[in-house]
Amino acid sequence: MSKNIVVFGASRGIGKELVIQLSQDKDNHVFALSRNTDAMAAFCDKKNITFGYADLSSNNVHDQLNAILGEVDKIDVLINNAGKLVNKPFEELSREDINSCYQTNAVGVMYATQYFVPKMKNAGGHILNISTVGAFQGSVKFPGLSAYSTSKAGVVSFTELFAEEYKDTKIRMNCLCLGAVQTEMLEEAFPGYQAPTTAKEMANYIADFAMTGSQYFNGKILQVSTSTP
Ligand SMILES: NC(=O)c1ccc[n+]([C@@H]2O[C@H](COP(=O)([O-])OP(=O)(O)OC[C@H]3O[C@@H](n4cnc5c(N)ncnc54)[C@H](OP(=O)(O)O)[C@@H]3O)[C@@H](O)[C@H]2O)c1
């Protein structure tokens, strides 16, 4: 059966690979969202991909989403994969540094998710949030990542709260806390570190979980990592 799938953070890294992999099934229609539309135009050239501008840190994100998805009644899968990283010692963080992480990773994800709930209520759907092992309670922590990882912890908590509030509907929400994946973001967080997992490999796992995971999981926070970090 055909599925409508939304991928946030689609312009590069894991999100770009998700769009490429999920669009290989002709029955899927993939909506690729981020701010860098030029980057998406370079690889979103298939009939079953629609790409568009959405800025999670903007107050207007519902309007931006409506411009792309206003005519689409049903969304089956939403992957909240976008992420904003700031890597700075705690005392050097400006209010804007902290704000930028929270506006995209926590406030933006919650506010954008509101837009999709009515499009999932009838047929049901799976919302998959992408967080980090650094946001998982009790995991090994690293200096410089307090703005980023605490904002990503917001989405961990959101997953449990949303699943409880919507447990009597057909909407499911889960969260994957990723370990190191070789992307530009990882290079900013851990310069010179070589991750054991490529963006393509992680996207392959996430795509499969997004399509099948809601059958057995709801409100679950799962670590997906073979390394530290
Ligand atoms: N790579 C890792 O080792 C690792 C580890 C743990 C968790 N993660 C998580 O996995 C996800 C993907 O990471 P990645 O490594 O692929 O990151 P990445 O290469 O930095 O890509 C991040 C994506 O998020 C989008 N984005 C950033 N700010 C946005 C905003 N305000 N509105 C809309 N989109 C925005 C970017 O697109 P635009 O700039 O075009 O908007 C980009 O497409 C993120 O949530 C990240 O936190 C990654």
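Whatever order the structure lists ligands and atoms in, that order sets their numbers, starting from 1.
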Next item on the list: Assess the side chains of S100 and K84: does a donor N or O sit below 3.5 Å from an acceptor N or O?
Entry: no
Next item on the list: Establish, yes or no, whether a centroid distance under 6.0 Å links the rings of F190 and F142.
Entry: yes
Notebook entry, point to check: How is the hydrophobic cluster of F90 composed, in terms of its other members, when Ile, Leu, Val, Met, Phe, Trp and Tyr link through side-chain heavy atoms under 4.5 Å apart, directly or indirectly?
Noted result: V86, L93, I98, Y102
Next item on the list: State whether the side chain of S139 and the backbone N or O of V133 hold a donor-acceptor pair below 3.5 Å, judged by distance alone.
Entry: yes
Notebook entry, point to check: Does L128 offer a backbone N or O that forms a donor-acceptor pair with the side chain of N80 under 3.5 Å?
Noted result: no
Note to self: As a test of reading the model: which residues have a non-hydrogen atom less than 4.0 Å away from ligand 1?
What the structure shows: G9, A10, S11, R12, G13, I14, S34, R35, N36, A54, D55, L56, S57, N81, A82, G83, T104, I130, S131, T132, Y148, K152, L178, G179, A180, V181, T183, M185, L186
Checklist line | Pair N66, Y115: side-chain N/O donor-acceptor within cut-off below 3.5 Å | finding: yes
